[in-house]
S.K.: 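My questions will all concern the structure given below.
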Number of protein chains: 2
Amino acid sequence: MGAPTVYDVAKRAQVSIATVSRVYRNPDTVRSQTRDRVLAVARELGYVPSGNARGLASRSTGVLGLCFPDYADPEVEDDGAADDPEQMLYADEITRGMERAARRHGYALLIAASLAGGPESLVAKVAGRVDGFAVLARTVPTEDLEIISRRLPVVMIAGPREIDHLDHLEVANADGEYEMATHLIRDHGLRRLAFLGGTTDSPDAEARFHGFQRACAAAGLAVPDEPDTRGNFTQADGRAATDRLLQRVGQPPEAMVCANDQMALGALQALERQGLRVPQDVAVVGFDGIPLGRMVRPSLTTVTQPMRKLGEAAVDLLVERLGEPNRSPRSMLLPVTQTRRESCGCPSPAPEAGLSRLG
Amino acid sequence: MGAPTVYDVAKRAQVSIATVSRVYRNPDTVRSQTRDRVLAVARELGYVPSGNARGLASRSTGVLGLCFPDYADPEVEDDGAADDPEQMLYADEITRGMERAARRHGYALLIAASLAGGPESLVAKVAGRVDGFAVLARTVPTEDLEIISRRLPVVMIAGPREIDHLDHLEVANADGEYEMATHLIRDHGLRRLAFLGGTTDSPDAEARFHGFQRACAAAGLAVPDEPDTRGNFTQADGRAATDRLLQRVGQPPEAMVCANDQMALGALQALERQGLRVPQDVAVVGFDGIPLGRMVRPSLTTVTQPMRKLGEAAVDLLVERLGEPNRSPRSMLLPVTQTRRESCGCPSPAPEAGLSRLG
DNA sequence: CTGAAAGCGCTAACAT
DNA sequence: ATGTTAGCGCTTTCAG
């Protein structure tokens with residue numbers, strides 16, 4: 001009881017398999033009478049063309065891929081908030097942007113997030129099934145990427161230009177953090193700033209720290225060599241890192257600049273638990289612009305990335321390169337915006353959404 | 001300059017293609033010495049297994065699919081809010097739930113939204129590349145589904161049980177709307193309610209209307225045969241339908257019960273433009289629970305669907321059936337919740353998110 | 001406009 | 001442990 005194939009349809013419709021194929025690929029090259037007969041038989045038999053066979057024979061799939069790391073905060077998954085749309089994070093927004101853009105270009109999107117187990121399998125899984133794909137930084141070992149990108153268009157999102165012949169997309173991490181830190185120093189008059197960094201293998205987090213350093217230097221403050229503390233980007237890490245920081249001797253900082261929003265949220269929690277008020281005692285700022293940041297109290301001041309646009313740009317680059325495989329590698333830097341809310345000491349912003357914005 | 005294949009690797013590593021294949025599928029069945037040699041050659045050559053060939057030969061892909069209609073409100077896409085996460089709609093939440101669940105089960109997710117052009121191609125595209133897939137109601141012609149589902153596990157989300165041998169998922173539309181309408185009537189003392197319906201081909205919208213009718217009946221009010229006006233689910237439709245309603249002779253209704261949130265948002269705009277205050281002059285309620293509903297002013301009272309759970313349940317059903325192909329079709333009804341905000345006349349709720357909820 | 005035939009790259013028995 | 005041999009279902013010249 002295997003699924004019907006071109007052969008079954010061909011036989012039943014009294015034509016060759018080539019004709020069946022044509023009916024689906026170039027309907028116009030088949031006499032309409034023949035075509036109708038084939039189509040009729042096809043539905044009668046429940047024939048569905050095999051995408052795999054098609055891809056194999058034609059060397060193209062009409063599918064674009066996206067690989068991203070398993071960013072999910074475990075604690076977020078487990079509690080009752082699992083159904084809260086506000087939890088949506090970085091990768092989801094990029095997915096969304098890519099899906100939209102892919103659709104416009106007539107492509108479907110294959111999404112794969114790495115999970116415990118070989119990352120090898122992750123890329124292989126995707127790479128073998130798409131015409132090209134995007135990778136979020138730190139998802140795939142550079143070496144694997146190096147190999148695969150020799151065979152397939154790959155665009156690297158939000159990482160360093162690890163491989164120089166890849167198309168590459170990034171946001172203005174350093175400049176964005178520079179501007180944010182400068183805001184804290186100049187507009188709020190803060191001087192003792194602490195930086196809650198990410199892991200050293202994250203180029204984005206490092207770039208943000210560099211921006212922070214530059215701001216300190218520009219303001220004539222001491223320039224730290226290293227972040228005051230680090231975490232692995234989750235809320236839990238942010239809490240832990242903040243606790244560690246507070247336990248150190250000396251007074252708490254006047255401001256905490258966090259490498260991403262999730263850790264900033266964790267910092268908010270840790271500070272609250274220590275009885276410190278934000279922003280009166282300590283200002284807190286994040287980076288990313290996740291939706292949850294605007295819902296918490298105090299609402300989170302942050303540097304907002306154009307996440308959706310990243311996804312769209314990735315698809316655009318992919319499609320471009322598919323059309324022109326030998327074009328020289330292209331790199332784009334997308335701008336970020338400053339989102340000033342309560343946690344830095346700025347006044348609570350006016351309602352951010354209202355009917356006026358809807359139409 | 002074709003991509004290297006098993007043959008190239010086999011020749012260079014002095015083994016047969018079968019061995020190369022084994023190295024990737026069952027590494028343990030190959031002597032480690034041989035394996036290392038093959039792997040070395042593979043990376044040297046830049047070999048990446050073809051997912052298509054694999055799928056063809058093994059009849060399984062490790063990919064699950066999702067088809068949904070192109071719900072996007074055009075006006076939402078076009079304006080500057082394109083990067084606003086609050087715009088996220090129904091299908092996106094389901095996507096998210098499916099992606100998460102698929103990942104847990106070791107599957108990747110293929111997403112395809114219909115676009116102008118043959119829906120035929122949409123299903124074919126997905127169906128031929130996945131081990132099973134989910135379809136949002138009204139995305140794919142029933143006839144096509146009927147055919148495809150004979151060959152592949154399909155779960156239908158949020159539609160009627162159009163095809164009785166399909167696994168099927170829906171939410172408590174009628175009960176949810178019944179409860180909402182009853183709230184308006186009993187708790188707010190409203191009596192002249194108008195229903196802004198969807199298109200007649202949407203079973204969800206119709207079910208909601210039935211729930212509305214039941215509430216009217218239960219309260220001893222006149223029971224309408226038909227929605228007072230209808231729209232095609234977008235904000236623009238909601239505005240237009242509301243304008244039409246208001247232009248009709250007679251006084252405006254005391255409440256507008258809308259078949260979905262987007263139209264309710266449109267209704268809010270139309271009422272505002274007519275100088276009517278919500279909820280003082282007219283109460284407005286929606287259905288779905290899209291994020292934007294909580295950001296608008298007045299915030300939207302609505303019946304919230306467990307969208308993410310729908311996605312997860314879809315994957316679970318798919319995986320179950322993949323494991324047990326002949327299991328009898330299963331149908332699940334997911335509960336909805338009442339979300340009372342300002343637009344029905346309830347007091348503005350306490351801040352919905354705070355640190356307390358985060359850990 | 002239609003048919004014949006040669007693959008596309010891999011997996012899966014079945015041998016050895 | 002490894003090799004041989006068939007396909008998997010379709011696209012694609014090349015003929016006719």
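First the proteins, then the strands, lettered A, B, ... as listed; each starts at 1.
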S.K.: What are the two closest non-hydrogen atoms of A:Leu310 and A:Leu169, and how far apart are they?
M.R.: O-CD2, 3.4 Å
S.K.: Once each nucleotide of nucleotides 8-16 of chain D is scored for protein heavy atoms under 4.0 Å, what B/S/- sequence comes out, 5' to 3'?
M.R.: BBBBBB---
S.K.: What residues form a side-chain hydrogen bond (donor to acceptor under 3.5 Å, both in side chains) with B:Ser50, not counting sequence neighbours?
M.R.: none
S.K.: A:Arg37: which residues meet the side-chain hydrogen bond (donor to acceptor under 3.5 Å, both in side chains) condition with it, sequence neighbours left out?
M.R.: none
S.K.: Tell me every residue that passes ring-ring contact (aromatic ring centres under 6.0 Å, His included) with A:Phe133, counting only those two or more places apart in sequence or in another chain.
M.R.: none
S.K.: Check step by step if side-chain contact (heavy atoms from CB on, under 4.5 Å) holds for B:Ile163 and B:His165.
M.R.: CA-CA 6 Å; B:Ile163 306 177; B:His165 63 273; 3.2 Å; yes
S.K.: Can you pull the contact range of chain A along DNA chain C, 5' to 3', using atoms under 4.0 angstrom from its heavy atoms?
M.R.: C:dC1 to C:dG9
S.K.: How long is the span from the CG atom in A:Leu56 to the CG atom in B:Leu56, to the nearest 0.5 Å?
M.R.: 5.5 Å
S.K.: Among residues at least two apart in sequence or on other chains, which ones pass side-chain hydrogen bond (donor to acceptor under 3.5 Å, both in side chains) with A:Asp28?
M.R.: none
